[in-house]
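When a ligand or atom number is given, it counts from 1 through the structure's own listing order. Just the heavy atoms: all of them, side chains too, but no hydrogens, waters or symmetry mates, feed the values below.
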Amino acid sequence: MIKTQSNPNFVKIIEVGPRDGLQSQSQIISSEDKITYIDLLSDSGLQEIEVTSFVSPKWIPQLADAQMVSKSIQKNPRITYTALVPNIIGLENAVNSNYKSVAIFTSVSETFSKKNINCTIRDSIQKFHTMKPFWESNHLRVRGYISTVWHCPYEGSINIESVMNLIAKLLDLGIKEISLGDTIGKANPSEVCRLLDQILIKWDSSFFALHMHDTFGLAENNIKVAMEYGINTFDSSAGGIGGCPYAEGSSGNISTEKVFTLCDSMGIKTGIQKDKLDEATQFIQTILKKESFTHAQD
Ligand code: HMG
Ligand code: MG
């Protein structure tokens, strides 16, 4: 029995709104608004913020201003600022923008991998091996995302063995935190339990975080059950904005507000000041509404 049945005292929320939340917005948000949004998030007591991604601007035009945004935000030394990077070019650009923490990403589904990063899963792991000497020599903290852990929009249900193999490959690279992504928000608590039952026989829960999109409103229950397995790191986005442009049907991450409220109701600390978080959410939601209104007028 791996379930601990007792909840953690503290949950670490990783705010991914500025990256996952914005990457699929069709209207380009100004760098200035992104900076204000991230600065407001920095004031809300979060411990980690995924600021942007250094990916190809042809693939994700919304985040083409990664360097400018990264250099202009007010960094709080208490907060870990992370950038998503797909390859050595992205990694070098992140280091040039002073990041000490990066997130790499791959997927359990070959079709999703091809659509999202234009290579096979095997090639993505090979790329990470090429990147490793660079992240080691720069003393970076590296997080690893695995997408489509339970369901893929193209390949359907994913088998647990494939997930286990990929986890082993990322851990072999020396990665200490793996974020398990429910990219299209289709996983249910039984499926989360089935996976955790297997992986936690082999590895400690401290290696894992959950990254749940909330397409069908299942994310909160999935997080609740994962806490009983000792998982205490969860990704979320303020206001629940977002989605992956290469995963048909993916909607936003679970909202940071929902994770906060769940934890707060269970007496679990997050360090978040809800009124400050609300300010950041209201700000970005106003910007997104304004952008979609302007777009509708065009
Ligand atoms: P590619 O076209 O195969 O790249 O894209 P390439 O290596 O052949 O290079 C083509 C051009 O792109 C070259 O420029 C490179 O220099 C340039 P050119 O010679 O044509 O002028 N290039 C870059 N430019 C800037 N930054 C870079 C970079 N790399 C190459 N890093 C690539 C391959 C991986 C670059 C592309 O597919 C890509 O950027 N994909 C990212 C897609 C993405 O960001 N998806 C969303 C994030 S993942 C996600 O949301 C899931 C997650 O949230 C978890 C979950 O929910 O499951 C994490
Ligand atoms: Mg995501």
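In this structure, atom 48 (S) of ligand 1 has protein heavy atoms in its sub-4.0 angstrom surroundings. Distance check for atom 30 (C) of ligand 1: a protein heavy atom is found below 4.0 Å. In this structure, atom 9 (O) of ligand 1 is not in close contact with the protein, since no protein heavy atom lies within 4.0 Å of it.
For ligand 1, the polar-atom distance check finds no N/O of Ser53 at less than 3.5 Å from any of the ligand's N/O atoms. Not a single N or O atom of Tyr246, backbone or side chain, sits closer than 3.5 Å to an N or O atom of ligand 1. Polar contact with ligand 1: present for Asn118 (N/O pair, distance under 3.5 Å). When only interatomic distances are considered, the shortest N/O to N/O separation between His211 and ligand 1 falls below 3.5 Å. Between Val55 and ligand 1, at least one pair of N/O atoms sits closer than 3.5 Å.
Here the rule is side-chain contact (heavy atoms from CB on, under 4.5 Å) with Val85, and of Val142, Val102, Val55 only Val102 fits it.
When only modelled atom types and interatomic distance are considered, Glu257 and Thr281 share a side-chain donor-acceptor pair under 3.5 Å. No donor-acceptor contact under 3.5 angstrom links the side chains of Tyr81 and Ser70, judged on distance only. Using a 3.5 Å distance cut-off with no hydrogens or angles, the side chains of Ser147 and Ser107 do not pair a donor with an acceptor. Gln126 and Arg122 share no side-chain donor-acceptor pair at under 3.5 Å.
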- [ ] Give the C-alpha distance, both sets of side-chain angles, the deciding distance and a yes or no for side-chain contact (heavy atoms from CB on, under 4.5 Å) between His213 and Asp20.
- [x] CA-CA 10 Å; His213 284 262; Asp20 204 334; 3.3 Å; yes

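Assignment of Pro57 to the shell around ligand 1 is supported, since a heavy atom sits closer than 4.0 Å.
If you check each of Ile89, Thr183, Val149 against atom 15 (C) of ligand 1, the one with the closest non-hydrogen atom is Ile89.
For atom 45 (N) of ligand 1, the closest non-hydrogen atom of the protein is Asn116 OD1, 2.8 Å. In terms of protein heavy-atom proximity, atom 51 (C) of ligand 1 is closest to Ser147 OG, 3.5 Å. Considering only non-hydrogen protein atoms, atom 12 (O) of ligand 1 sits nearest to Ser56 OG, 4.2 Å. The protein non-hydrogen atom at the shortest distance from atom 18 (P) of ligand 1 is Lys58 NZ, 4.3 Å. Protein heavy atom at the shortest distance from atom 58 (C) of ligand 1 is Arg19 NH2, 3.4 Å. What sits closest to atom 5 (O) of ligand 1 on the protein, heavy atoms only, is Trp59 NE1, 3.6 Å. Counting protein heavy atoms only, atom 46 (C) of ligand 1 is closest to Gln23 OE1, 3.4 Å.
Excluding waters, the protein N/O/S atoms found under 2.8 Å from the Mg ion (ligand 2) are Asp20 OD2, His211 NE2, His213 NE2.
Proximity to Asn87 (heavy-atom distance under 4.0 Å) selects the following atoms of ligand 1: 27 (C), 28 (C), 29 (N), 30 (C), 31 (N), 35 (C). Those atoms of ligand 1 with a heavy atom of Gly90 less than 4.0 angstrom away are 31 (N). Near Phe54, meaning under 4.0 Å from any of its heavy atoms, are these atoms of ligand 1: 26 (N), 27 (C), 31 (N). Interface atoms of ligand 1 facing His213, defined by a heavy-atom separation under 4.0 Å, are 56 (O). Close contacts of ligand 1 with Ile60, meaning ligand atoms under 4.0 Å from a residue heavy atom, involve 43 (C), 44 (O), 45 (N). Short contacts between ligand 1 and Pro86, defined as distances under 4.0 Å to a heavy atom of the residue, involve ligand atoms 31 (N), 34 (C). Annotation for ligand 1: atoms under 4.0 Å from non-hydrogen atoms of Asp20 are 53 (O). The atoms of ligand 1 that sit less than 4.0 Å from any heavy atom of Ile117 are 33 (C), 34 (C), 37 (O).
Other residues, nucleotides and ligands contribute only 12 or fewer heavy atoms inside 6.0 Å of the CG atom of Asn9. Residue-environment remark: CD (Glu32) stays at or below the threshold of 12 foreign heavy atoms within 6.0 Å.
The pair Lys186-Asp182 does not meet the salt-bridge criterion, since no charged nitrogen lies less than 4.0 angstrom from a carboxylate oxygen. The pair Lys258-Asp214 counts as a salt bridge, with a side-chain nitrogen and a carboxylate oxygen less than 4.0 angstrom apart. Between Lys290 and Asp33 there is no salt bridge, since no side-chain N of the basic residue sits under 4.0 Å from a carboxylate O of the acidic one.
Of all the heavy atoms of Leu84, the ones lying under 4.0 Å from any atom of ligand 1 belong exclusively to the side chain. With a heavy-atom cut-off of 4.0 Å, Glu92 does not touch ligand 1 at all.
A chain of hydrophobic side-chain contacts below 4.5 Å, direct or via other Ile, Leu, Val, Met, Phe, Trp or Tyr residues, connects Leu180 to Trp203. If you chain together hydrophobic residues whose side chains sit under 4.5 Å apart, Met68 and Ile49 never meet in one group.
Asp264 places no side-chain N or O within 3.5 Å of a backbone atom of Phe260 that could act as its donor or acceptor partner. Distance alone, capped at 3.5 Å, is enough to place a donor-acceptor pair between the Asn159 side chain and the Glu161 backbone. The main-chain N or O of Ile121 is found under 3.5 Å from a side-chain atom of Glu110 such that the two form a donor-acceptor pair. Gln62 places a side-chain N or O within donor-acceptor distance of the main-chain N or O of Ile29, the cut-off being under 3.5 Å.
Stacking of Arg19 on the aromatic ring of Phe105 is not recorded, the 6.0 Å distance cut-off and the 45° axial limit not both being met.
Ring orientation note: the planes of Trp59 and Tyr246 are tilted relative to one another, at an angle of 30° to 60°.
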